[in-house]
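Some notes on the structure that comes next.
Residue numbers start from 1 in every chain, and the chains themselves are labelled A, B, ... in the order their sequence lines are given, proteins ahead of strands.
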Number of protein chains: 2
Amino acid sequence: MSSMATVILPSPHDNMTTAAPTGPSSAIDLLRRHSLTSLVQQELERRILAGDILPGDKLNEADVAAELNVSRGPVREAFRALEQAGLVRTEKNRGVFVRQVSLEEADEIYELRAGLDELIGRLAAERASDGQVAELRALVVQMQEAASAKDVDAYYPLNIRFHDRLAQLAGNGTLLAAYRRLINELHLYRRRTLALGHDAFPKSTRQHADIVEAIAARDATLAGELLYQHAMKSRSRLHEALEQVDLQPPPALVRETSKP
Amino acid sequence: MSSMATVILPSPHDNMTTAAPTGPSSAIDLLRRHSLTSLVQQELERRILAGDILPGDKLNEADVAAELNVSRGPVREAFRALEQAGLVRTEKNRGVFVRQVSLEEADEIYELRAGLDELIGRLAAERASDGQVAELRALVVQMQEAASAKDVDAYYPLNIRFHDRLAQLAGNGTLLAAYRRLINELHLYRRRTLALGHDAFPKSTRQHADIVEAIAARDATLAGELLYQHAMKSRSRLHEALEQVDLQPPPALVRETSKP
DNA sequence: TTGTTGCAGATTGTTGACAATCTACAAACC
DNA sequence: GGTTTGTAGATTGTCAACAATCTGCAACAA
């Protein structure tokens with residue numbers, strides 16, 4: 001867990017001082033809402049999604065506790081929440097491992113995500129304001145610029161932002177939470193493929209623009225259909241990328257993992 | 001928490017003896033997979049979904065631990081998992097409460113569920129075998145008999161079974177898990193309305209038969225549309241039921257709850 | 001009578017200790 | 001040389017104790 005040696009979780013007192021700009025009631029609120037458990041959970045989730053901890057990696061509770069300067073209890077509690085959130089997997093008496101999402105599972109996730117994306121498109125077409133549509137258009141322009149410049153590091157965050165914003169504009173918090181959960185889970189799969197190269201860079205961002213225009217036109221059926229197809233295309237591209245690298249074992253995945 | 005005084009969680013040793021029918025490897029398997037934490041979680045989840053513990057009820061960790069004959073640690077861990085599963089809500093320093101799903105949240109859940117139901121219908125039409133379609137037909141017949149007999153206690157479990165089976169036949173485990181989570185959450189809302197009477201009994205089960213026939217005909221679009229409409233009708237019926245009782249406070253909900 | 005303060009008890013959050021289990025390695029045996 | 005057994009150390013699961021926080025009630029002041 002050498003990757004855990006470089007980041008230190010702020011203590012609750014640190015949070016109190018840095019949260020002060022908006023007044024004492026915010027600091028009180030923060031302390032009211034955050035236990036060590038929730039802070040540990042947030043930090044571990046951040047690291048997992050950032051790729052600082054990789055799928056298959058073992059999370060040693062004593063090490064985590066020592067590094068974050070808490071006792072093992074809150075770490076264990078955080079593990080249970082992360083497990084229920086689908087980010088880690090517990091093997092009794094052996095430890096907790098960052099969850100590995102298999103190809104079959106990723107298939108399912110993509111399929112479900114496409115279904116959610118369809119609903120998102122339909123609802124966003126009905127509910128997004130004109131200002132919000134303009135916001136989407138601006139994001140598409142940024143993505144086009146990043147794609148033209150072949151700027152991978154800029155493109156992917158923009159893509160994530162675009163889709164998350166869309167999900168927000170559907171105006172259904174439960175849908176947004178479900179969608180985000182799927183995206184998090186896909187990170188556990190995509191991290192493996194991204195480590196293998198940048199084969200999934202899109203040829204064009206025309207689809208994004210078409211989606212936004214369907215929403216602007218309040219055409220719910222078209223918006224939903226376009227988003228569904230868009231999500232299914234993402235899935236196909238990942239399959240193709242995996243087929244190309246299946247013939248050589250990935251050298252980056254030799255860390256300690258649980259048995260398959 | 002008087003409702004918790006009547007049921008005792010079997011100890012791990014008890015499970016070992018009752019799990020013996022299929023041989024020692026099942027007992028070993030069970031011990032390998034179950035910690036006190038997971039057993040406590042399962043038991044609490046069972047009680048919540050069964051309505052033995054009601055939305056808004058406070059779960060006292062010392063009481064739970066005493067009744068289930070474990071220490072507070074595993075109970076706390078189970079609470080964290082249940083919280084992440086959306087079944088309880090934690091207020092720091094005040095305790096854990098069974099989650100109450102508001103009308104607004106229920107609206108969202110129903111809307112999302114309708115979207116999932118549509119996807120389920122489409123996938124089931126593509127993937128269900130002829131034998132599985134026959135199984136659905138049999139369930140519909142049973143539901144029709146219960147409806148004719150006005151047998152509420154028989155009808156609702158059949159209805160739940162029918163829809164869960166449909167979700168299974170979609171052939172996507174991630175979709176099934178997401179669907180079940182929504183159903184569990186709706187229990188937190190429906191328990192309140194069911195306590196107010198049986199106003200939501202369906203007038204007819206013709207919709208279920210139509211859905212199954214669309215699946216039998218492999219008409220994915222129709223099956224999806226019928227299931228979507230079916231789910232949206234469920235939502236409308238619950239709204240109507242709530243409007244009828246809004247004028248009188250429910251006498252059953254005077255137990256200790258958290259402040260709103 | 002109303003509002004404020006103090007305090008006891010209950011409860012939650014965290015910690016450290018102990019027991020149980022697993023893993024890796026060395027020694028013994030075939 | 002290959003297999004089995006035993007053991008030490010690491011790690012996980014649970015428990016009990018302590019500290020912190022909250023709640024309800026009584027006493028006091030205005």
Side-chain angles (χ1 to χ4, degrees), chain A residues 1 4 9 11-13 15-16 27-44 57-83 88-98 255-259, chain B residues 1 4 9-13 15-16 27-44 57-83 88-98 255-260:
Chain A
M1 302 289 290
M4 301 196 77
L9 180 74
S11 72
H13 291 283
N15 283 347
M16 193 175 350
I28 293 172
D29 218 38
L30 193 82
L31 280 183
R32 280 230 171 96
R33 285 224 232 93
H34 286 84
S35 56
L36 291 184
T37 294
S38 64
L39 292 175
V40 171
Q41 179 182 343
Q42 283 176 29
E43 177 61 14
L44 290 179
D57 283 358
K58 185 174 188 296
L59 302 181
N60 180 309
E61 67 185 52
D63 289 349
V64 173
E67 194 204 328
L68 302 185
N69 200 25
V70 297
S71 72
R72 284 171 48 225
V75 173
R76 294 182 59 81
E77 289 182 29
F79 281 173
R80 301 291 92 79
L82 289 171
E83 181 184 6
V88 304
R89 177 178 55 84
T90 299
E91 286 187 41
K92 190 191 170 193
N93 287 327
R94 293 195 61 239
V96 172
F97 302 83
V98 180
R255 304 163 69 132
E256 177 198 347
T257 67
S258 64
K259 295 170 213 154
Chain B
M1 300 288 291
M4 301 197 75
L9 182 74
S11 72
H13 292 282
N15 282 349
M16 195 179 345
I28 294 172
D29 218 39
L30 193 82
L31 279 182
R32 279 231 172 94
R33 285 225 231 91
H34 285 85
S35 58
L36 292 184
T37 295
S38 65
L39 293 174
V40 171
Q41 180 183 342
Q42 284 176 29
E43 176 62 15
L44 291 179
D57 283 358
K58 185 173 187 297
L59 302 182
N60 180 310
E61 68 186 51
D63 288 350
V64 174
E67 193 204 328
L68 303 186
N69 200 25
V70 298
S71 72
R72 284 172 48 223
V75 172
R76 293 183 60 80
E77 288 180 29
F79 280 172
R80 299 294 90 78
L82 289 171
E83 181 184 6
V88 304
R89 176 177 57 84
T90 300
E91 285 187 43
K92 190 192 170 193
N93 286 326
R94 294 195 61 239
V96 171
F97 302 83
V98 180
R255 305 162 68 127
E256 177 196 348
T257 67
S258 66
K259 294 171 212 151

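B:Glu43 CD to B:Leu36 CG: the interatomic distance, rounded to the nearest 0.5 Å, is 13.0 Å.
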Q.
Pair B:Leu44, B:Leu82 - check side chain to side chain contact (heavy atoms under 4.5 Å, CB included), show working.
A. CA-CA 8 Å; B:Leu44 291 179; B:Leu82 289 171; 3.6 Å; yes

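Counting all heavy atoms, side chain and backbone alike, B:Arg33 lies closest to B:Ser38 at O-OG, 4.2 Å.
Annotation: side chain of A:Arg76 is not in contact with side chain of A:Val40 (no heavy-atom distance under 4.5 Å). The closest side-chain heavy-atom distance from B:His34 to B:Gln42 is below 4.5 Å.
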Q: Sugar-phosphate means primed atoms, P, OP1 and OP2; the rest is base. With that split, encode nucleotides 7-14 of chain D 5' to 3' as B, S or - using protein heavy atoms under 4.0 Å.
A: ----SBBB

